[in-house]
Engineer: 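First, the structure itself, so that you have it in front of you.
Letters A, B, ... are given to chains in the order of the sequence lines, protein chains preceding strands, and every chain is numbered from 1. Note: hydrogens, waters and symmetry copies are ignored here, and every other heavy atom, side chains too, is used.
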There are 2 protein chains.
Amino acid sequence: MGITRQTKQVKTLLNIFDNNEKAISVVDLIKLLEAQMNKTTVYRILDKLMDDGVVHSFVGKGGLKWYAKCQDCSCETHNDVHPHFQCKTCGEVECLSVSFTLPPINGYMVESASLFIVGVCSNCL
Amino acid sequence: MGITRQTKQVKTLLNIFDNNEKAISVVDLIKLLEAQMNKTTVYRILDKLMDDGVVHSFVGKGGLKWYAKCQDCSCETHNDVHPHFQCKTCGEVECLSVSFTLPPINGYMVESASLFIVGVCSNCL
DNA sequence: AAATATAACGCAACTTAGTTGCATTATGAA
DNA sequence: TTCATAATGCAACTAAGTTGCGTTATATTT
């Protein structure tokens, strides 16, 4: 089950995602919000926002968890149908609004796929 | 720099990768080898085998590091040019011998990309 | 507006992945 | 056999993420 009460903490997190097109790592979120809420609360609210299809998560290059607002992604199934891009220069991570086609894999049942791309973003080139 | 001395521990690890087509997580390796070597040693040898282009690493679904023998992959650049597949049923992770084409991303410089697929493998279907 | 059930929060303690520093061991060259 | 030093083991540490439990605050009911 997802969010049932609009607490201060929930509103704060929703506000961050509303005003941010880029993805944010949990570590950064916890640092950003350390004066306002406990890290346990951050993790718990993120879980619920996932359930509600408000945000989606993915694993970054170093193995850290990142979260981003759901837009064109089909969050009902929690599949990441778009790639995620991390810029080596500025460090920012973003959802790319393109879809990718999986290579043909005979005899396998594909449930979900995540594509993570590392490079230099348009701002830093 | 990579491996310079053929120690017992290095031979043990090389032997594991030689006799295993599938990928192995560091956690499983450490568990498997706990009687034979320290976990610090496992991490250090894996780093060196990466430098030598003997194995490549990638991040799995849960954020854990996985390692697999290099075969058709171009390990000079340490780019994962092939997808990795994890089976929901048996849990095994393997390198898929297919190449995938990235979606066109205008204005971005792509350095590396990793594709991680979750589903059910041919053995478990 | 007060009462109240309980969802949500804070805190501390914990688990687990991965790293670091340093003393000790063992490899391979001289 | 000697010996320099690469490599290992160990313990202590950092950091991400989780759990349990007592307390707080939301939103519904009275």
Engineer: Side chain of A/Asn38, heavy atoms from C-beta onward: which of C/dC9, C/dG10, C/dT6 has the nearest atom to it?
Structural biologist: C/dG10
Engineer: Mind calculating the distance between CD (B/Glu34) and C1' (C/dA17) to the nearest angstrom?
Structural biologist: 15 Å
Engineer: More than 12 heavy atoms of other residues, nucleotides or ligands under 6.0 Å from NZ of B/Lys88: yes or no?
Structural biologist: no
Engineer: Using a heavy-atom cut-off of under 4.0 Å over every strand shown, decide if B/Lys39 touches base, sugar-phosphate, or nothing.
Structural biologist: base
Engineer: B/Leu46 near the nucleic acid: base, sugar-phosphate alone, or nothing, with a heavy-atom cut-off under 4.0 Å?
Structural biologist: nothing
Engineer: What's B/Lys11 touching, base or sugar-phosphate or nothing? Going by heavy atoms closer than 4.0 Å.
Structural biologist: nothing
Engineer: Reading DNA chain D in the 5' to 3' direction, which nucleotide is the first one with an atom under 4.0 Å from a heavy atom of chain B, and which is the last?
Structural biologist: D/dT5 to D/dA11
Engineer: Please check this pair: side chain of A/Lys69 against backbone of A/Asp18, looking for a donor-acceptor N/O pair closer than 3.5 Å.
Structural biologist: yes
Engineer: When the distance from CD1 of B/Ile3 to P of C/dT27 is rounded to whole Å, what number comes out?
Structural biologist: 13 Å
Engineer: Separation of A/Lys61 atom NZ from C/dG18 atom C1', in whole Å?
Structural biologist: 17 Å
Engineer: Does C/dT25 have its OP1 or OP2 closer than 4.0 Å to a side-chain nitrogen or oxygen of B/Lys8?
Structural biologist: no
Engineer: Looking at C/dG10, I'd like to know if its phosphate oxygens (OP1 or OP2) sit under 4.0 Å from a side-chain N or O belonging to A/Thr40.
Structural biologist: no
Engineer: Take atom CE of B/Met37 and atom C1' of C/dA26, then tell me their distance rounded to the nearest Å.
Structural biologist: 15 Å
Engineer: With A/Thr12, which of A/Thr7, A/Leu32, A/Leu33 fulfils side chain to side chain contact (heavy atoms under 4.5 Å, CB included)?
Structural biologist: A/Leu33
Engineer: Roughly how far apart are A/Tyr108 OH and A/Glu111 CD, rounded to 0.5 Å?
Structural biologist: 16.0 Å
Engineer: Test your reading of the model: is there a side-chain donor-acceptor pair from A/Asn19 to the backbone of A/Asn15, 3.5 Å cut-off?
Structural biologist: yes
Engineer: Of A/Val10 and B/Gln6, whose closest DNA chain C nucleotide lies nearer the 5' terminus?
Structural biologist: A/Val10
Engineer: Could you state the atom-to-atom distance from CE of B/Met50 to P of C/dG18 in whole Å?
Structural biologist: 13 Å
Engineer: Is the distance from the ring center of A/His84 to that of A/Phe116 below 6.0 Å?
Structural biologist: no
Engineer: Would you classify A/Leu64 as touching base, sugar-phosphate or nothing, given that sugar-phosphate means primed atoms plus P, OP1 and OP2, and contacts are heavy atoms under 4.0 Å?
Structural biologist: sugar-phosphate
Engineer: Decide whether B/Thr41 and B/Asn38 meet the rule of one side-chain donor and one side-chain acceptor closer than 3.5 Å.
Structural biologist: no
Engineer: From the options C/dA17, C/dA8, C/dC9, select the nucleotide whose nearest atom is closest to the side chain of A/Gln9.
Structural biologist: C/dC9
Engineer: Output the rounded distance in Å from CG (B/Leu29) to P (C/dA17).
Structural biologist: 13 Å
Engineer: Main chain of A/Val54, side chain of A/Asp52: is a donor-acceptor contact present, judged purely on distance under 3.5 Å?
Structural biologist: no
Engineer: Using a heavy-atom cut-off of under 4.0 Å over every strand shown, decide if A/Ile45 touches base, sugar-phosphate, or nothing.
Structural biologist: sugar-phosphate
Engineer: Quick check: any donor-acceptor pair below 3.5 Å linking the side-chain of B/Arg44 to the base of C/dG18?
Structural biologist: no
Engineer: Of all the choices, C/dA8, C/dG10, C/dG18, which nucleotide is nearest to the side chain of B/Val26 once you look at every atom?
Structural biologist: C/dG18
